[in-house]
Structures are given as C-alpha cells and as structure tokens.
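Taking it in order: structure first as structure tokens, then the write-up.
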Amino acid sequence: MKAVIERMPNIVPRKNADGVVYAYKVTIYLGRDDRNRKIRKYTTIPRPSGLTPKREEREVMRLAEEWERSERESFYDEKKRSEAEAAKSKGKTTLIDFIDNHWMKKHVNDGKHTPSTIAFYANMSAAIKSYFAAYKPDILLKDVSKEDVLDYLLYLRTEAKQVNGNPYGATTIQHRFSTLRNILEYAVYIDYIKEDPCKKIKPSDRPRRESREVDFLTEEEAIRFMSCLESPEEVAYWDGSLYSYLFWKALVNTLIVTGLRRGELVGLQWRDLDKKNSLLHVSRNVTLNTAHRGDTDPAKKIHIGEVKGKTVRKVPISKYLLDLLLEYKEEQAERYGSPMPQDAFIFCRTDNIYLPIYPTGPTQLLHKFIDRHGLQNVSPHDLRHTAASLAIQSGANVKEIQKLLGHKDPSTTIKFYTGISEHAQRQTIEGIESILRKNSKDTESKNSPET
C-alpha cells in the first residue's frame, strides 16, 4: 500500500519501531469555521489481518469512506441545527444588543481602526443607543424601518440639545446618521437583516455636514508668510528654545511644499527620506490616542498607524527642501552626539528621538508664529491646501494634485479648483483661449489660398 493515498479521505500508514504497519491514520476536511480556519476530523483504523496488499488497501479505503460519510452527515446535521438556532437568535436581537455585541466588538474593534476612530464610534453609538433606549427600547434589529430612521433625524433636528443647551449642528447630525447607517450596513453584511433602511431615505432628507470653504494662502500671502519665517526676528525667537530654528523651518517648509497632513508629517522617520531620488515616503500617520488622554506616558498618548504595501505614498521634494532637511539632520546629530538612526523620527521629541512630537504640536507652534507676525490665521491643514493651490497655479492637473495629496477620491481634489484665485482662473481662461486661437489660426492658414 502507498505511503499516502492521494484522495479524500487522506490515509497515512502508522508504523511501529520495526517499520511494520500496524494501523492507518485517516484525515477528512469538512470546510471552514466562522474564523475561516479549516475543520478537520481524524480517526485511526487498525490494520486488517490476513489480507493481500491490494485487498488490504481496498478494505482500509472502504472503512475510511464509511467513517467519512457518517462524520459528514453528523457535521451537516449539526450545522443545519446551528444555523437554524442562529437565524432564530438573529430574529430576536435588539438594535442596542447588536450595537454592543456585534458591531462594536467585531467591526469597530477589529484591529483596523485607530484609537481615535474607535473612540469616535463609541461616542456616536452611545448617543444612538441613548435615543432608542428612551423612545424604542425593545425594538428588534430586523424591525428598524425607514420611519424609525426619519424619527431619529427629526429628534436630532428639533429636540436634541448639546450640554450647553444649544441645538446640534449639521455636522454632528450627519455624524450620528452616518454612524447609524454604518451599523445597519454591517448588519446587512453579516446577514442579520436583508436591507439597510437608511438607503431608503431620499438624498434631500439626509443630513449634510456644514461645508467649509477651503482655506489657503494666496501667492502673495504665501510669499509674506515665508518671508516672516526667514526673518532675523524669527531666527532670534528660537535662540535658546527647547526646539531649534532649523526644526521649525524644516517643519513649515515640509508642510507647505509637500502638502502632508500633520499626522503624516510628524510620522516621518529618517528612513523615509530618499536622498538619491529626492523623495519622502509617507508610510505612517500619527494620531492622538484619546483613550489615554490623561496618561503621563507620551508613548501611550499617541497611536502610530503604519501604512503597508502599495498604499505608501512617494512625495517628490525640491533640492532646497532636501538640503534643508539634511542640514537639520546634521544639527540633530550634533545635539544628540551621534548620527541619527534610520528609525528616529525627523520631528522627534527632545527627550526621545524614537517618539514623534504630538500631532497637535505643529498646530500650536503655527498659531504662535502667526501671532508673532500678525499673519492670516491658518492651520497646518490650510498649509496643505496652500500646497495644492500653488501646485494648481504652477500648472499641475487634477491627477497630479490627487497623487501629491494622497486623495483616494478625485472629487476631493477637485474642490481645490473651485477656490483658486481670480488671477489663476484668468490665467487658465487665457490658456484655453490661446489654444483655441492657435487651432483657429492653423485652420485659417491651411484654408488660405497660396500667394
């Protein structure tokens, strides 16, 4: 008999110390469990005695297949009973129970969300549960209807109040609605309900967040901004400070030239600087861990999210910015008494080069800088918008801006085009006009009679 019979069930001979077969181990595969792990069953068949090798092989196979049929019948009977019980249980699940024991546990806390996202969903779902506990405490998940969703939206718009007694803003209402929709979409995904009632709400009845006009520095404002950054007064301000002037200059230039988000900026390590190709590899994002807001350990107060694989963004940088970063790196090496290791953060804490500054740090430093020089009030995100605006004015198209800023949806990028300056719009119109006129002149030239 062969060592392994290459068919199901899988049969492997067992041998004693003398190499004599005394039994056969049988393995069958029944599918996968809820965690996608393979389900296997095993048994041992004693070696039949007094048979020729061929007869022995057939007998072992017969016994194995007979055992397999019995196991499969038992397995599928149990599976049917389990599915029937689960279906009955699904039908009795309340909305509040589903939020706590399914959506939060298996979807929100699935290891893919940042602590700040988990805290956001916990806050939003707590408000949703509070409403339904007060108005419809026993409502089953399967019974949540379009009318129930509309009633909740009406409550948010007319009755719900903030702690200070003011009504909720449009953005908060939109967040509550989108969270409820996320809950019900997940219920559809795991087959607890057949349809999400939020999808039946007309677009005109759905809440919309308050649209904020994209803020950025105009070309003139950006020039003044950079002039103040490089002024003798600004250099003198950082003399003797916890952080150096080069730290601040490198930070602002990286923000305004690359358009990085502040979490991406503080998440940069020296390994992310590609000197040969003048690139920054954006491979992580730093956020505040709201679950440890009051903790004294800086490492616990932040969450560093790593970006894996093809989603790592490569951002080109100018020779000026590259030289500035390398100059700042040399200053760091002098300060800490050794060359900066690759896994040290570029914008690190002064007491630990392996920890980044808090993502709120650039915002606080920027506001103080603005106050010192009487500049227009902008945030790090507004400098990101400024990078996009200046890129547009320099001739970049939507696809190029989308790649630079790391937008997944090009419609997000297109918003920047609606806010560019009148001068830039006029240049665009003149550019279109010149192309049209050129084509027109070429046509006229071709159609004109030879002289």
Side-chain angles (χ1 to χ4, degrees), residues 1-113 118 138-144 182-197 199 308-309:
M1 187 173 182
K2 295 179 183 178
V4 178
I5 298 177
E6 296 296 333
R7 57 191 266 185
M8 290 298 289
N10 191 32
I11 303 172
V12 180
R14 288 273 182 88
K15 299 178 181 180
N16 59 22
D18 298 324
V20 178
V21 174
Y22 67 90
Y24 293 93
K25 180 183 177 182
V26 183
T27 307
I28 59 172
Y29 168 63
L30 298 174
R32 292 181 179 270
D33 63 15
D34 293 340
R35 297 183 179 179
N36 205 34
R37 296 177 302 189
K38 289 183 178 180
I39 301 171
R40 295 185 179 92
K41 290 277 188 176
Y42 307 93
T43 192
T44 301
I45 297 175
R47 182 181 184 182
S49 59
L51 299 177
T52 64
K54 282 289 183 183
R55 285 177 177 272
E56 180 180 321
E57 180 178 348
R58 287 197 292 270
E59 177 63 9
V60 171
M61 179 59 69
R62 184 187 70 78
L63 293 171
E65 289 178 342
E66 187 176 280
W67 170 76
E68 180 188 21
R69 278 194 299 272
S70 174
E71 286 296 321
R72 286 195 182 278
E73 286 175 6
S74 298
F75 174 77
Y76 288 117
D77 285 345
E78 179 58 32
K79 188 176 180 181
K80 286 178 183 177
R81 281 195 298 272
S82 177
E83 287 175 350
E85 289 175 5
K88 189 182 294 184
S89 175
K90 287 178 182 179
K92 294 180 179 180
T93 301
T94 66
L95 172 63
I96 293 174
D97 176 67
F98 180 81
I99 291 172
D100 285 336
N101 298 313
H102 298 275
W103 182 72
M104 279 298 297
K105 282 187 178 179
K106 300 176 183 177
H107 176 60
V108 176
N109 290 293
D110 61 355
K112 297 178 182 178
H113 295 95
I118 294 171
D138 300 321
I139 189 169
L140 299 177
L141 175 66
K142 68 180 181 65
D143 293 334
V144 177
N182 189 298
I183 292 166
L184 296 172
E185 283 176 349
Y186 183 69
V188 173
Y189 177 70
I190 61 173
D191 298 323
Y192 265 66
I193 56 175
K194 292 183 178 180
E195 189 176 11
D196 170 15
K199 287 188 175 180
K308 305 294 184 183

Of the non-hydrogen atoms in [X] and [Y], which two are nearest, and what is the gap between them?
X	Y	result
Arg72	Tyr29	NH2-O, 2.8 Å
Leu141	Ala187	CD2-CB, 3.9 Å
Lys105	Asp100	CG-O, 3.5 Å
Leu30	Phe75	O-CE2, 3.5 Å
Glu59	Leu51	CB-CD1, 4.1 Å
Glu195	Val188	C-CG2, 3.7 Å

Close side-chain approach of [X] and [Y], heavy atoms under 4.5 Å:
X	Y	result
Pro9	Thr27	no
Thr93	Leu140	no
Thr94	Ile139	no
Lys90	Asp191	yes
Lys142	Tyr192	no
Glu65	Val60	no
Asn109	Met104	yes

Glu57 CD to Thr52 OG1 distance, which is reported to the nearest 0.5 Å |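 Reported value, rounded in 0.5 Å steps: 10.0 Å.
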Fit a plane to each ring of Tyr186 and Phe98, take the angle between them on a 0 to 90° scale, and name the class: parallel (under 30°), tilted (30 to 60°) or perpendicular (over 60°).
->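 Answer is tilted, since the angle falls between 30° and 60°.
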Please check if the number of heavy atoms outside [X] that lie under 6.0 Å from its [atom1] is greater than 12.
X	atom1	answer
Asn16	CG	yes
Tyr189	OH	no
Arg62	CZ	yes

So, the side chain of [X] versus the backbone of [Y]: is there a donor-acceptor pair under 3.5 Å, distance only?
X	Y	answer
Asp196	Leu184	no
His113	Ile118	no
Arg14	Tyr24	no

Show your reasoning for whether side chain to side chain contact (heavy atoms under 4.5 Å, CB included) applies to Arg47 and Val20.
-> CA-CA 10 Å; Arg47 182 181 184 182; Val20 178; 4.2 Å; yes
